Amino acid sequence: MNQTIRTLWRNNRLLVIAFAIALSLTILFGVRTTAFFIYWSAHQDVPVAGWMPAGYVAKSYRVEIETVREALGLDPQDRDRRPIARIAADRGVPVDELIGRVNAALREARADEATDGQ
């Protein structure tokens with residue numbers, strides 16, 4: 001086997017380098033995908049808190065991000081990544097009020113999903 005690797009390296013150096021890079025990227029993205037899967041499978045339906053941005057809430061509750069953005073009074077197409085607490089502070093409203101709106105929108109989205117599935 002050692003001889004085969006030497007022969008490959010000597011005759012096809014670029015091919016061996018390309019294979020090593022491809023293998024490394026495959027391992028990297030495989031580990032990354034596995035880590036994301038494990039994280040999000042353990043963080044479903046996490047109670048909404050002020051530190052969460054709209055995208056986190058949407059991913060945790062498996063709803064469209066536009067649903068959460070609209071509940072927060074944001075432009076549904078805007079990529080605003082501020083946490084709920086910062087949005088509340090910028091508007092001068094209590095964080096609990098915005099969290100209540102988000103929770104109501106999530107309940108409504110779940111109810112719509114349940115009726116669509118029947």
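Excluded from the calculations below are hydrogen atoms, water molecules and symmetry mates; all remaining heavy atoms, backbone and side chain alike, are included. These numbers come from a predicted model, not from an experiment.
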Q. How far does CD of Q3 sit from CG of L8, to the nearest 0.5 angstrom?
A. 10.5 Å
Q: Could you note down all residue pairs passing salt bridge (Lys or Arg N to Asp or Glu O under 4.0 Å) where residues 52-71 supplies at least one of them, sequence neighbours left out?
A: D45-R62
Q: Assign the ring pair Y56 / Y39 to parallel, tilted or perpendicular, where the plane angle (0 to 90°) is split at 30° and 60°.
A: perpendicular
Q) Excluding sequence neighbours, so at least two apart, what forms side-chain contact (heavy atoms from CB on, under 4.5 Å) with I21? A) I17, L25
Q. How close do V95 and I84 get, heavy atom to heavy atom, and via which atoms?
A. CG1-CG2, 4.5 Å
Q. Which pairs count as side chain to side chain donor-acceptor pair (under 3.5 Å) when at least one residue sits in residues 8-30, sequence neighbours excluded?
A. none
Q. Short question: side chain of Y61, backbone of R110 - any donor-acceptor pair under 3.5 Å?
A. no
Q. Mind checking what makes ring-ring contact (aromatic ring centres under 6.0 Å, His included) contact with F29, not counting sequence neighbours?
A. none
Q) So if you build clusters from Ile, Leu, Val, Met, Phe, Trp, Tyr with side-chain heavy-atom gaps below 4.5 Å, do I65 and I87 land together? A) no
**Q.** With V57, the side chain to side chain contact (heavy atoms under 4.5 Å, CB included) member among V63, V68, I99
**A.** V68
**Q.** L74 side, atom CG; D80 side, atom CG - distance, nearest 0.5 Å
**A.** 5.0 Å
Q: Locate the shortest heavy-atom distance separating A105 from T67; write the atom from each residue and the value.
A: O-CG2, 4.1 Å
Q. Is there any side chain to side chain donor-acceptor pair (under 3.5 Å) pair reaching into residues 92-103, and which pairs are they, with sequence neighbours excluded?
A. E97-R101
Q | Residues clustering with I27 (ILVMFWY side chains joined when closer than 4.5 Å, directly or via others) | A | F19, L23, V31
Q) Side chains of M52 and V102: closer than 4.5 Å at any heavy-atom pair? A) no
Q. For S60 and W40, which heavy atoms make the closest approach, and how far apart are they?
A. N-CZ3, 3.9 Å
